[in-house]
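What follows is a set of notes on a single structure, which appears directly below.
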Amino acid sequence: MKSNKILLIVTLILCLALTACGNSSNNSEGTKEAEKQPEATQKQGQKEETNEVVEVSTVSPSDPYLKFDEGETFDKNAVYDAYEKDIGVKITNKWVAADDNQFKEKLKMTIASNDLPDFARVNATQLKELTEADMIMDITDVYDQYATDETKKFLTMDGGMQMKTATFDGKLMGIPSSYNPYQYQYLFVRTDWLKKLNLPEPKTMADLMTIAETFKTKDPGGSGKAYGIAVSKNPFSVDTGVTGLRAFLNGYHAYENHWIEDGNGGLMNSDIQPQVKDALKALQDMFKKGLIDPEFSVKDADKEAELLYNNNIGLVFGASWTPAQLAKGAVVDGKVVQEWGVYPIPSVDSNPTLNQIGLGVDEYYVINKNAAHPEGVIKLLNQYIVTQTHPTEEQKVYEYGKDLKEKGSNYWLLNPLRVGKQIDNNGDILPKAVETKDPSILETKDQKTRYERAMKYVDGSDINMWWEYLISGPKGAFSLVPNIQQNKEYLQNKFYGAPTTTMAERQEILTKKRDEVYFKIIMNQVSVDEFDKFVDEWKKLGGDEITKEVNEWYAASK
């Protein structure tokens, strides 16, 4: 993943059995339908009545936390053996990169030299380039023929939007490496401090400001150096799952690099809208009052999080998995020493906050135009979905290795083609199950795993599972999801095409300029009116051309 050491370790903890990283969104499918037709379901993705084994090649990134069983390697292991045994597909690697960064660089060279394996994971820009270069296969027919009904249902739970992003001129050019797009941000607050200072729970941005100022001036943690809210050096990046400011923008009805409706039938970019200026002004005021760490611009999320652990800060925005990060300071020597609560993002006015979300896909699996057995890739896809949604005891090999036991080896990383569930009902099921101590209503593997962890905290057998209780319990992050979903308090990016020509050329420059100006405003180095100058510059540096291209795409896609 793209996080630093502590955050990576936290994410990997989640990745073992829950949603957080590449595997974090691979939630289990409900078992009720599987129970209705056990024989038909079990046959999906399984080896046909033939002794034929087809071979497909790929390229893979290794991972420092992936541990092989004795005698195994990336080329010969229990997961690859299981695919060959169960569905007759032999997997080989043209090369294996040391890590994800090296993988991306080697993949670029592989594409440039036209030396693609049978299938590979690429980003959206590469998908478009490979399509235009006629290097990858139109898999419309092979997918239609070999994908099982279960697979087709699994990949269209979002209404088909993710599959649409991989379609060019009516041709399916890739399989989305999907995940659940309905991943929200929340406000996490030290509730023990609220009680200590007799403060109300935050419902509005005004409440948040009051709490932040009081935490700063009263220093309830006794740190001697208190601030109001935790912020790190990449606050607007989608990869900043905790200590970011995207949620703060949302509270002011502003959004980070989102394409939103302009009211005239077209789309406009959120980075230059007046609501952003309002949010930046509020952040500047907070900075001037000492509510934001003055060194935030040089601290990554891990370093800034130390202020949370050490009682300097009691407010932070973050994703649903944030409690796993907070646990380092909240649970010490088998005791809970910090109490945290989770709340919806407060709004600056009477209008509800809309949580910005993406499409749930930014990478794709493509098949080489010259692949001899493209059907083998689709069979890998079918089988992976089977092992994630309703695995047999034997199929635990795909997640844990040949001993079928969880041992922290991250064996799931060996699956060469992974897709995640696009929608889950964790918010409806888990809080109720934990509160009533009723596991009978649990439907998925993920829910059962989370329930077991949360109940270990509830019954006192493992206090370290505090973090899972704050995610899945009756007042946890998941408990807030149904209301957000039902009231549609989210805003999805309206642009789902591959990067436009000018976007590919200029977006990095525009983002760098944006962050530079945003930071200077927040840190009170320039007037908030500098935002207006940035808007003009953004347009001249390519923003207007990108907007034109996006709207041409939007008109054609309607």
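Note that these values count all heavy atoms, side chains included, but never hydrogens, waters or copies made by symmetry. As the structure is a prediction and not an experimental result, all values here were calculated from the model.
Shown here are the ring-ring contact (aromatic ring centres under 6.0 Å, His included) partners of Y398, two or more places apart in sequence or in another chain: Y83.
Salt-bridge annotation for D69 and K407: present, with a side-chain N of the basic residue lying under 4.0 Å from a carboxylate O of the acidic one. For E363 and R418, the salt-bridge test fails: no basic side-chain N is under 4.0 Å from an acidic carboxylate O. Look at D100 and R121 and you find a salt bridge, because one of the NZ, NE, NH1 or NH2 atoms lies within 4.0 Å of a carboxylate O, short of that distance. Here K432 does not pair with D428 in a salt bridge; the nearest charged N to carboxylate O distance is not below 4.0 Å. Using a 4.0 Å cut-off between a side-chain N of Lys or Arg and a carboxylate O of Asp or Glu, K520 and E530 do not qualify as a salt bridge. A salt bridge links K277 with D529; the closest basic N to acidic carboxylate O contact falls under 4.0 Å. At a threshold of 4.0 Å, the pair K456-E452 does not count as salt-bridged, since none of the basic side-chain nitrogens sits closer than that to a carboxylate oxygen.
When side chains are defined from C-beta on, F534 counts as touching I272, because their heavy atoms get closer than 4.5 Å. Using a 4.5 Å cut-off on side-chain heavy atoms (C-beta onward), L307 and F296 make no contact. Side-chain contact check for W467 versus W340: every heavy-atom pair is 4.5 Å or farther apart. Side-chain contact between S347 and T353 is present, with at least one heavy-atom pair separated by less than 4.5 Å. Between D271 and Y518, some side-chain heavy-atom pair lies under the 4.5 Å cut-off. Put simply, the side chain of Q325 reaches to within 4.5 Å of the side chain of W321, judged on heavy atoms. In this structure, the side chains of T547 and W259 come closer than 4.5 Å at one or more pairs of heavy atoms. Side-chain contact between N234 and D239 is absent, with no heavy-atom pair separated by less than 4.5 Å.
Taking CZ from F215 and OG1 from T210, the interatomic distance works out to 11.0 Å, rounded to the nearest 0.5 Å. Here the CD1-OH distance, from I292 to Y227, works out to 11.5 Å after rounding to the nearest 0.5 Å. Between atom OG of residue S60 and atom CG of residue L107 there is a gap of 11.0 Å, rounded to the nearest 0.5 Å. To the nearest 0.5 Å, atom CD of residue E537 and atom CG of residue L510 are 9.5 Å apart. Atom CG in N425 sits 7.0 Å away from atom OG1 in T444 (nearest 0.5 Å). Note that CD1 of I229 and CD1 of I313 are 8.5 Å apart. Values are rounded to the nearest 0.5 Å.
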Run the side-chain contact (heavy atoms from CB on, under 4.5 Å) check on L249 and Q356 step by step: do they pass? CA-CA 10 Å; L249 294 180; Q356 80 172 81; 5.6 Å; no

side-chain contact (heavy atoms from CB on, under 4.5 Å) between D424 and D446: does it pass, once the steps are laid out? CA-CA 10 Å; D424 66 53; D446 180 60; 6.0 Å; no

Run the numbers on S461 and D459 for side chain to side chain donor-acceptor pair (under 3.5 Å), then give the verdict. CA-CA 6 Å; S461 62; D459 64 25; 2.7 Å; yes

Any chance you could lay out the side chain to side chain donor-acceptor pair (under 3.5 Å) test for Q447 and N426, step after step, and finish with the verdict? CA-CA 7 Å; Q447 289 172 4; N426 285 353; 3.1 Å; yes

Tell me, with the steps shown, if Y384 and L417 meet side-chain contact (heavy atoms from CB on, under 4.5 Å). CA-CA 7 Å; Y384 182 76; L417 194 159; 5.5 Å; no

Step by step, work out the salt bridge (charged side-chain N to carboxylate O under 4.0 Å, His left out) result for K540 and D536. CA-CA 6 Å; K540 295 174 183 177; D536 291 336; over 6 Å; no

Please step through side-chain contact (heavy atoms from CB on, under 4.5 Å) for the pair Q525 and F519, ending with a clear verdict. CA-CA 8 Å; Q525 295 175 355; F519 270 59; over 6 Å; no

Under the side chain to side chain donor-acceptor pair (under 3.5 Å) rule, what do N250 and Q185 come out as? Steps first, then yes or no, please. CA-CA 10 Å; N250 295 173; Q185 289 262 316; over 6 Å; no

Chi angles and distances behind the salt bridge (charged side-chain N to carboxylate O under 4.0 Å, His left out) call for E306, K303: CA-CA 5 Å; E306 292 177 5; K303 190 65 177 178; 3.4 Å; yes

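A donor-acceptor pair shorter than 3.5 Å cannot be found between the side chains of N355 and Y182. No donor-acceptor contact under 3.5 angstrom links the side chains of D63 and N410, judged on distance only.
The backbone N or O of T243 lies less than 3.5 Å from a partner atom in the side chain of S232, making a donor-acceptor pair. For the pair D349 (side chain) and N351 (backbone), a donor-acceptor distance under 3.5 Å is present. A donor-acceptor pair under 3.5 Å is formed between the side chain of Q273 and the backbone N or O of N269. When atom types are taken as modelled, the side chain of E406 and the backbone of G408 share a donor-acceptor pair closer than 3.5 angstrom. Side chain of N310 to backbone of N312: no donor-acceptor contact under 3.5 angstrom is found. Side chain of Q275 to backbone of Y255: no donor-acceptor contact under 3.5 angstrom is found. Q338 contributes a side-chain N or O that, together with a main-chain N or O of Y309, makes up a donor-acceptor pair within less than 3.5 Å. Proximity of a side-chain donor or acceptor of E468 to a complementary backbone N or O of M455 within less than 3.5 Å is not detected. Remark: side-chain polar atoms of Q422 are paired, donor with acceptor, to backbone N or O of D158 under 3.5 angstrom. Side chain of T511 to backbone of E508: no donor-acceptor contact under 3.5 angstrom is found.
The number of heavy-atom neighbours closer than 6.0 Å to NZ of K288, taken from other residues, nucleotides and ligands shown, is above 12. Within a 6.0 Å radius of NZ in K494, other residues, nucleotides and ligands contribute 12 heavy atoms or fewer.
Closest heavy-atom contact between P181 and Q162: CD-NE2, 3.9 Å. Residue I357 comes nearest to Y490 through the heavy atom pair CD1-CD1, 3.7 Å, listed as atom of the first residue, atom of the second, then distance. Across all their heavy atoms, L245 and V231 have their closest contact at CD1-CG1, 3.7 Å. Closest non-hydrogen pair, W466 versus P323, comes out as CZ3-O, 3.6 Å. In terms of heavy atoms, T165 sits closest to Y364 at OG1-OH, 2.7 Å. A pairwise comparison of heavy atoms in S177 and V361 identifies N-CG2, 4.0 Å as the closest pair.
Using cut-offs of 30° and 60° for the angle between ring planes, the Y186 and F188 rings count as perpendicular. Aromatic ring orientation, Y457 versus Y469: tilted (interplanar angle from 30° to 60°).
For residues 188-214, the pairs satisfying salt bridge (Lys or Arg N to Asp or Glu O under 4.0 Å) are R190-D192, K195-E339, E213-K289, with sequence neighbours left out.
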